[in-house]
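A short write-up of the structure that comes next.
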Amino acid sequence: MKISNAKVIVCCPGRNFVTLKIYTDQGVYGLGDATLNGREKAVVSYLEDYCIPALVGKDPRNIEDIWHYFYKGVYWKRGPVSMAAISAIDLALWDIKGKMLNTPLYNLIGGKSRDRILVYAHANGKNQEETIEQAQKEIEQGFKAVRLQSGIPGLDHTYGVPRDDKPYEPAQKGLPHEDYWDTSKYLNFVPGLFAKAREVLGADVHLLHDVHHRCTPIEAARLAKELEPFHLFWLEDPVSGELQDGLEIVRKHSTTPIAIGEVFNTVYDYTTLIARQLIDYVRMPVSHGGGITHLLKVAAMASVYHINTGFHGATDLSPVAMAAALHFNTAINNFGIQEYMPHQEIVHEVFTKNYWFKDGYLYIDDSPGIGIDIDEKKAQRYPYEMACLPVNRKLDGTMFYW
Ligand code: GCO
Ligand code: MG
């Protein structure tokens, strides 16, 4: 069996997606998600100019060897662009294997450890009241876990909150939009939001919060400590991921569980954090962290330290990545939770959907491989539109993390 060809499909049904399609000489093809929000074209070039020519002629059954060909075999290793490309190749090869063997992906990586996948919803509001009302609506829809992000008094706009009445999408058309940020206003506000949320929503619902890399270690420690009475499911990205020792300071001061890694791309971003038990959840998604092949290794290492998964699942990960994550979550033992930010309906004009939400959980059907297809004609109707994630400045103009 041989890979006969591969191509990259770029489309923008409401937001940009990059999809890799690998063809074989047996008539079976596989799909992988190569979307890197705001840097899509860099991955397209990496795939088209360097990976696809080398893929043609290889036996698609040898997934481990092909993975290492593009990882160990490349002198300039790691990094989000090359790892997004490797992830897409890996997903497409697992998709092909599942289709060839006529079995869903989860069967190839251990079978079912569970029948349904616990997910968390996003409750975003312009202020405390709106955020908690939104959370109530989601709990009424059946969600058992909700992430709260709110506008902050004194700041025009912040991460996680829609600018108008449209669904929240962080990337905006054209060059990066500039946001403004003030950590002390944020730190003064968030504990009160969660105090009120617990009062209104009760003790049972799981509550989560994303700091989006914006605190110094000691600020994050203060926040994690002040949030302790409200028993968060997790506090996400309390410090910027490159400062791994910072998590030790957070850990020393609080029992609030910590999740990190949506911007990581290899197990080496995690080895210290896992082995020193500085975190509780790994978030690196299958579409940025080397696909199924590499995430199996990360999850295995995490499991030794009783650390669970909680994969990134924002709308910039395509339905191919979401379905692949659901297979992965179905199979491994140390699954924790899955982020679920549903795509707009227009996305499913282009991508089919083999998963559905019911009463707090996602379910996936047992179609072979990953189980998602792409309608290329419809994809053509929505050509790429340049869009970028915002940049962030402190109120005095200093560049800051977004
Ligand atoms: C999350 C993330 C996203 C990112 C987005 C960037 O926890 O879902 O932080 O909202 O900001 O995926 O592309
Ligand atoms: Mg996040």
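For ligands, and for the atoms within them, numbers begin at 1 and follow the listed sequence.
- Across A85 and Y46, no two heavy atoms sit closer than the pair CB-CD2, 3.4 Å.
- Using a 3.5 Å distance cut-off with no hydrogens or angles, the side chains of N37 and R15 do pair a donor with an acceptor.
- Heavy atoms from other residues, nucleotides or ligands lying under 6.0 Å from CG of D49 number more than 12.
- No hydrogens or angles considered: nothing links the side chains of R198 and H231 as a donor-acceptor pair under 3.5 Å.
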Report each N/O pair between ligand 1 and the protein that falls under 3.5 Å, naming both atoms.
from, atom 1, to, atom 2, distance (Å)
ligand 1, 7 (O), R147, NH1, 3.1
ligand 1, 7 (O), D210, OD2, 3.0
ligand 1, 7 (O), E236, OE2, 2.9
ligand 1, 7 (O), E262, OE1, 2.9
ligand 1, 7 (O), R283, NH2, 3.1
ligand 1, 8 (O), E339, OE1, 3.2
ligand 1, 8 (O), E339, OE2, 2.4
ligand 1, 9 (O), Y159, OH, 3.0
ligand 1, 9 (O), D210, OD2, 3.0
ligand 1, 9 (O), H212, NE2, 3.0
ligand 1, 9 (O), E262, OE1, 3.2
ligand 1, 9 (O), E262, OE2, 2.6
ligand 1, 10 (O), Y159, OH, 2.9
ligand 1, 11 (O), H212, NE2, 2.8
ligand 1, 12 (O), H312, NE2, 3.0
ligand 1, 12 (O), D316, OD1, 2.9
ligand 1, 12 (O), D316, OD2, 3.1
ligand 1, 13 (O), N37, ND2, 2.8
ligand 1, 13 (O), D316, OD1, 3.4
ligand 1, 13 (O), D316, OD2, 3.1

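- Judged purely by distance below 3.5 Å, without hydrogens or angles, the side chains of Q136 and E140 never pair a donor atom with an acceptor atom.
- Here the Mg ion (ligand 2) has protein N, O or S atoms under 2.8 Å from it, and they come to 3.
- Side-chain contact between I337 and W234: present, with at least one pair of heavy atoms (C-beta onward) separated by less than 4.5 Å.
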Checklist line | Y382 vs E349, side-chain hydrogen bond (donor to acceptor under 3.5 Å, both in side chains): CA-CA, chis, key distance, verdict | finding: CA-CA 10 Å; Y382 302 109; E349 284 179 26; 2.5 Å; yes
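- Using modelled atom types, one finds no donor on one side chain facing an acceptor on the other under 3.5 Å when comparing E40 with T35.
- With no hydrogens or angles considered, no side-chain donor-acceptor pair links Y180 and D396 at under 3.5 Å.
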